[in-house]
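Pasting in a structure now, in structure tokens, and then I'll have a few things to ask.
Below, read A as the first sequence line, B as the second, and so on, with proteins coming before strands; counting in each chain starts at 1. Just so we're clear, the structure is a prediction, and the values are computed from it rather than from any experiment.
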There are 2 protein chains.
Amino acid sequence: MLNFSKKIEYGLIALRYIALIGDGNIVTAKEISDKYKISYELLAKVLQKLAKAGIINSFYGVNGGYTLAKSPEKIKLSEVILALEGKSNISIVTCNSDQPESCTIFDRCTIKTPLNKIQSVINNMFSEISISEIL
Amino acid sequence: MLNFSKKIEYGLIALRYIALIGDGNIVTAKEISDKYKISYELLAKVLQKLAKAGIINSFYGVNGGYTLAKSPEKIKLSEVILALEGKSNISIVTCNSDQPESCTIFDRCTIKTPLNKIQSVINNMFSEISISEIL
DNA sequence: TAAAAATGGACTAAAATAGTCGTATATAAA
DNA sequence: TTTATATACGACTATTTTAGTCCATTTTTA
Ligand code: SF4
Ligand code: SF4
């Protein structure tokens, strides 16, 4: 119920690999997917999203691949999650903004406001933890 | 990706109702499901689980229903989650114990160990927060 | 130009969540 | 002792989310 998605797990594994093994050198998606036996297509998409978010640099063509765009200390877990899940925050409830969205009891719900406190504790944690802590 | 399930949300809403509106008096599942327009059957199961876990008392028969089994300060979010999800902890990754379970890259995964740090921060938070904080 | 790599959209499969249905059991009150 | 009301519980279905696949395109280097 509170699991990280595979996208995030694979993303973290990849970032770790690029940071540690790559260490400045270009690393390809294939290299990582082979190493960890992760679906190439899936991992490729994860890397594309990380590149789009400016977390890693991407290089086309024959000797192409990826490098980190900044030092591991500066890559926060929150931005990895944002890049891969596309949500503005890691929301404990689906109704965080103010639209009823999908929840049928939105206007009668009594817990969404107090739950924001827990939300901010989680947000703070994720924005403080950098991927250098998983190296 | 980190959402509480509806089970938990409904559980918290119900606990809040029993604590505040009930205030010692017996409250029925129907009363709560009517009030918030939550599926009766779904809510009933949630309440049954909370009762089984000793968080609320249940009373059969005509004037039956539920009351809190302890004071709101003593009902921790962690035990509500445990009661409703049946997992021993709120796990950020599916592989926390040591079995390969469902993950195909278990033995090659490099992040599960460092992720435990984040896990314990989350665990601590949930075992400190009581439902009195959502009243 | 050929090979190697990233990009990106559409699609399918699998798993988790949410919700429903039917029936049994217990209890209070009439 | 019957009836109405309430919890208990297992099996089932539907919906949504997540995971994974496929395929065609673009870019670059050798
Ligand atoms: S139940 Fe409440 S907290 Fe949960 S999604 Fe609905 S409005 Fe939000
Ligand atoms: S990818 Fe790693 S952390 Fe995630 S479930 Fe598999 S072994 Fe666990």
Atom NZ of B/K76: over 12 foreign heavy atoms under 6.0 Å: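 For B/K76, atom NZ is crowded (more than 12 foreign heavy atoms under 6.0 Å).
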Nearest listed nucleotide, side chain of A/Y60, among D/dT27, D/dT7, D/dT21: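 Nearest to the side-chain atoms of A/Y60, counting from C-beta on, is D/dT27.
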Within-4.5 Å side-chain heavy-atom neighbours: B/T67 and B/F59: yes
Among D/dG20, D/dT29, D/dA8, the one nearest A/N63 by side-chain distance: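 Minimum distance to the A/N63 side chain belongs to D/dT29.
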Protein-nucleotide distance (A/E31, atom CD; C/dA4, atom P), rounded to Å: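 Value for this atom pair: 15 Å.
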Base C/dA6 paired with A/Q48 side chain (donor-acceptor, <3.5 Å): no
Tabulate below the donor-acceptor pairs under 3.5 Å that side-chain atoms of residues 36-51 of chain B make, not counting sequence neighbours, or state none.
residue : atom : partner : partner atom : Å
B/S39   : OG   : B/L42   : N            : 3.2

Among D/dT21, D/dC9, C/dA28, the nucleotide that comes nearest once only the side chain of B/V62 is considered: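 Nearest to the side chain of B/V62 among the choices is C/dA28.
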A/G64 vs A/E41, nearer the 5' end of DNA chain C by closest nucleotide: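 Counting from the 5' end, the first nearest nucleotide belongs to A/G64.
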Atom-pair distance (CD1 on B/I81; C1' on C/dT17), nearest Å: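 Roughly 16 Å, once rounded to whole Å.
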Side-chain heavy atoms of B/V80 within contact of B/F126, under 4.5 Å: no
Distance test, side-chain N/O of A/Y40 to OP1/OP2 of C/dA6, below 4.0 Å: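 Yes, because at least one side-chain N or O of A/Y40 sits under 4.0 Å from OP1 or OP2 of C/dA6.
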Nearest-angstrom distance from the residue atom NZ of A/K30 to C1' of C/dA5: 11 Å
Donor/acceptor link under 3.5 angstrom from A/K49 side chain onto base of C/dG8: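 No, no donor-acceptor pair under 3.5 Å.
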The single option from A/L20, A/L135, A/I134, A/I56 passing side-chain contact (heavy atoms from CB on, under 4.5 Å) against A/L15: A/I56
Nearest-nucleotide pick for A/S5, side chain only, options being C/dA18, D/dA19, D/dG10: D/dA19
Axis deviation across the helix from C/dT1-D/dA30 to C/dA30-D/dT1, five-pair ends, to the nearest 10°: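 Rounded value for the end-axis angle: 10°.
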Rounded interatomic separation in angstrom, taking NZ from A/K52 and C1' from C/dG8: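 In whole Å, C/dG8 C1' lies 8 Å from A/K52 NZ.
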Phosphate OP1/OP2 of C/dT17: any B/Y10 side-chain N/O under 4.0 Å: no
Sugar-phosphate only, base, or nothing, as touched by A/K45 at under 4.0 Å among non-hydrogen atoms: base
Phosphate-side-chain proximity, B/T28 and D/dT7, N/O vs OP1/OP2 below 4.0 Å: no
Rounded interatomic separation in angstrom, taking NZ from B/K6 and C1' from C/dT20: 18 Å
Single hit among B/K52, B/K74, B/K70 for salt bridge (charged side-chain N to carboxylate O under 4.0 Å, His left out) with B/E79: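 Among B/K52, B/K74, B/K70, the one that satisfies the salt bridge (charged side-chain N to carboxylate O under 4.0 Å, His left out) with B/E79 is B/K70.
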Reported NZ-to-CD distance for the pair B/K7 and B/E85, which is rounded to 0.5 angstrom: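 Separation between the atoms: 5.0 Å.
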Side chain of A/Y66 (C-beta onward), nearest among D/dA8, D/dC22, C/dT7: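 Per side-chain heavy atoms of A/Y66, the pick is C/dT7.
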Nearest-Å distance for atom pair CD1/P, residues B/I8 and C/dA16: 16 Å
Selection from D/dT7, C/dT7, D/dC9 that lies nearest to any side-chain heavy atom of A/A44: C/dT7
N or O in side chain of A/S58 less than 4.0 angstrom from C/dA5 OP1/OP2: no
Between C/dA18 (P) and B/L42 (CG): distance, integer Å: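 That distance rounds to 8 Å.
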Interatomic distance, B/L43 CG vs C/dT17 P [rounded to whole Å]: 19 Å
Donor-acceptor contact below 3.5 Å, side chain A/Q119 vs main chain A/I92: yes
